[in-house]
Asks: 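To start, I am sharing the structure in question, which I have written as C-alpha cells.
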Amino acid sequence: MSTNRERFFALQAQTTDHPMGLEIAHAEGIWVTDTNGIRYMDLVSGLAVTNIGHRHPAVIEAIKSQCDWYLHAMPYGEYIQAPQVELAERMCTLAPAPLKNIYYVNSGTEANEAALKLAKRYTGRTQLIGFQGAYHGSTHGSLSLSGNEKKKTAFRPLLPDTDHLRINVFEDLERITHRTAGVILETIQADAGVRIPAVGFMQALRARCDETGALLILDEIQSGMGRTGKLFAFEHYGIIPDVVTLAKAFGAGMPMGAFMAAPEVMASLRSKPMLGHITTFGGHPVCCAAALAGLNALIDERMMENCEAKGALFESLLNHPAVQEIRRKGLMLAVEFESFEQVHAIYHACLERGVITFWFLSCNNSFRLAPPLNITEEEIRDACARMSEAMNSVLG
Ligand code: PLP
C-alpha cells in the first residue's frame, strides 16, 4: 500500500461504497484544493459547517493563540476556562430569554442526546416526540427521534415511548400531551431536503408545548449560525424554544456542539443525579476559542445581512427547465429534479466542473447547496454558470 487513497480504502472504516474520494490538500474561503492542484468551489460548506468559509484567518489566529496557553485541562464543568466563559457570555447575550445558559458538547448528536435527557429529567416524564423526515444524529437517542425508517430498522430496539408527527399537520399536535417530556424538531428540516414549516404551525407547536408542559427542543445544527440569514432560524417564526441545539457551524471548523436553555431548566442536570450529563471533551478550550472567533467574524463582517439576497440570486440563476422545485431559506437550498439518477449525474458533472454539491439523506431526488455565507455575487454567478453547464451536459 503506497498511496493515501489506497490506505484510506484499506484501513479506514467506510460508511458507503461510494465515498466522494476527493483527496484534499488545502482549503480556504469557499475553495477546496485537491492533491492534484484542482480547485473546487465548496458549495456545501463541508456539510453546513464552514458558514464563514474554510480557515477564516481570525479562527486560525484564535486556535494558535489558545494553543500557547492550554489544551484539554479537565472535563467540562470543573475548571474555569476563559475561552468557555467568553463564548458563553457572547452566546447568552445574543440568544433571547430564556435561553441564557449554555452547555458545551462535542457534536450535534451529543447536543440532541443531552437535550432529550434534559427534557426527561426536567419534566419527570418519559415520552419524546419527533417528526417524520427528521435527522437528529446517528446515536441511539437521536436516531430514535429521527424519521428515516430505512436508517433505523437495523438498529432496533431504539428508545421506547417515542412518536413522530407530520410537519404542518395541525391535528398531529394533539398527540403532544401531559405525558410528553419533549418535542424535538429541526427548525428547518435539512436532510429531508430543506422542508420549511409554516409560521402558523410553529406557533401552534409552541402553544401546544406550553399547554402541556412539554419542552420544545429546536435542532438548529444545520439551520442555525446564520445559515438562514438570522443567527437562530427560530427568529423567522416569532417563537423561542425551551432548548436550542447547535453544532456544525458553531465550531467554525472545529468539533463543537452546544445546547442552550433557561438556567432553571438546565439546573436539573446537576442534581438527582448529580452529574446528570457529563462530557470529558465538551467545551474544549481550543474549540471554544475558534467558535468565539467564528461567531465574531460572522457578526462583525455582517455575513448574515445579504444571505437572503444571495440565496435569491442562486435561485434565479438555477433556472434549468428540469429543475422541478427549489426549496430555500437564506442560503440553505434544495434543488429538486425528477429522479435520483438525474441528481447523481448532475452531482458528478458539477464535480468535473469544479463545484461541490451533495445529496440529502432522506430526499434522493434533490441536491443540496449551503455555501459559505460570505460567498460573493461574482462567485455565485461563476458557480451557477458551472452548474448550468453541468445540468445541460446531463439533461440537454
Ligand atoms: N441534527 C441535524 C439537523 C443534522 O443535520 C446533524 C448532522 O448532519 C445532526 C443533528 C448530527 O450532528 P453530528 O453529525 O455532529 O452528530
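Predicted model, so just to flag it, every value in this text is computed and none were measured. Start at 1 and go down the list; that is how both ligands and their atoms are numbered. Each residue takes its place number in the sequence, starting with 1.
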Asks: Is there a donor-acceptor contact under 3.5 Å linking the side chains of Ser366 and Arg327?
Replies: yes
Asks: Does any donor atom in the side chain of Thr139 or Thr109 lie under 3.5 Å from an acceptor atom in the other side chain?
Replies: yes
Asks: Going through the distances and angles, do Asp34 and Val32 end up as a side-chain contact (heavy atoms from CB on, under 4.5 Å)?
Replies: CA-CA 7 Å; Asp34 74 9; Val32 168; over 6 Å; no
Asks: Counting only heavy atoms closer than 4.0 Å, does ligand 1 sit against the backbone of Lys248, its side chain, both, or neither?
Replies: side chain
Asks: Ignoring hydrogens and geometry, is there a side-chain-to-backbone donor-acceptor pair from Arg227 to Met332 under 3.5 Å?
Replies: no
Asks: Which bit of Glu186 gets closer than 4.0 Å to ligand 1, counting heavy atoms only: side chain, backbone, both or neither?
Replies: side chain
Asks: Look at atom 5 (O) of ligand 1 and say which protein heavy atom is nearest, naming residue and atom and giving the distance to 0.1 Å.
Replies: Gln222 NE2, 2.7 Å
Asks: So which protein heavy atom does atom 10 (C) of ligand 1 come closest to, and at what separation?
Replies: His136 O, 3.2 Å
Asks: Can you confirm if the aromatic rings of His72 and Phe281 lie within a centre distance of less than 6.0 Å?
Replies: yes
Asks: Using a 4.0 Å heavy-atom cut-off, say whether Thr245 meets ligand 1 through its side chain, its backbone, both or neither.
Replies: neither
Asks: Could you work out, for atom 11 (C) of ligand 1, the closest of Leu185, Leu246, Val105, Thr109 by heavy-atom distance?
Replies: Thr109
Asks: Would you confirm whether Lys152, through its side chain, and Ser144, through its main-chain N or O, come within 3.5 Å as a donor-acceptor pair?
Replies: yes
Asks: Going by the order shown, which atoms of ligand 1 are within less than 4.0 Å of some heavy atom of Asn112?
Replies: 1 (N), 10 (C)
Asks: Evaluate the 4.0 Å heavy atom contact test for atom 14 (O) of ligand 1: does a protein atom fall under the cut-off?
Replies: no
Asks: Quick one: look up the protein heavy atom nearest atom 2 (C) of ligand 1 and list residue, atom name and how far away it is.
Replies: Tyr135 O, 3.3 Å
Asks: CG of Leu231 to CG of Leu295: how many Å apart, nearest 0.5 Å?
Replies: 6.5 Å
Asks: With a 6.0 Å cut-off on ring centres, are Tyr347 and Phe367 close enough?
Replies: no
Asks: Compute the shortest N/O to N/O distance between Asp219 and ligand 1 and return yes if it is under 3.5 Å, no if not.
Replies: yes
Asks: Does Gly108, backbone or side chain, put an N or O under 3.5 Å from an N or O of ligand 1?
Replies: yes
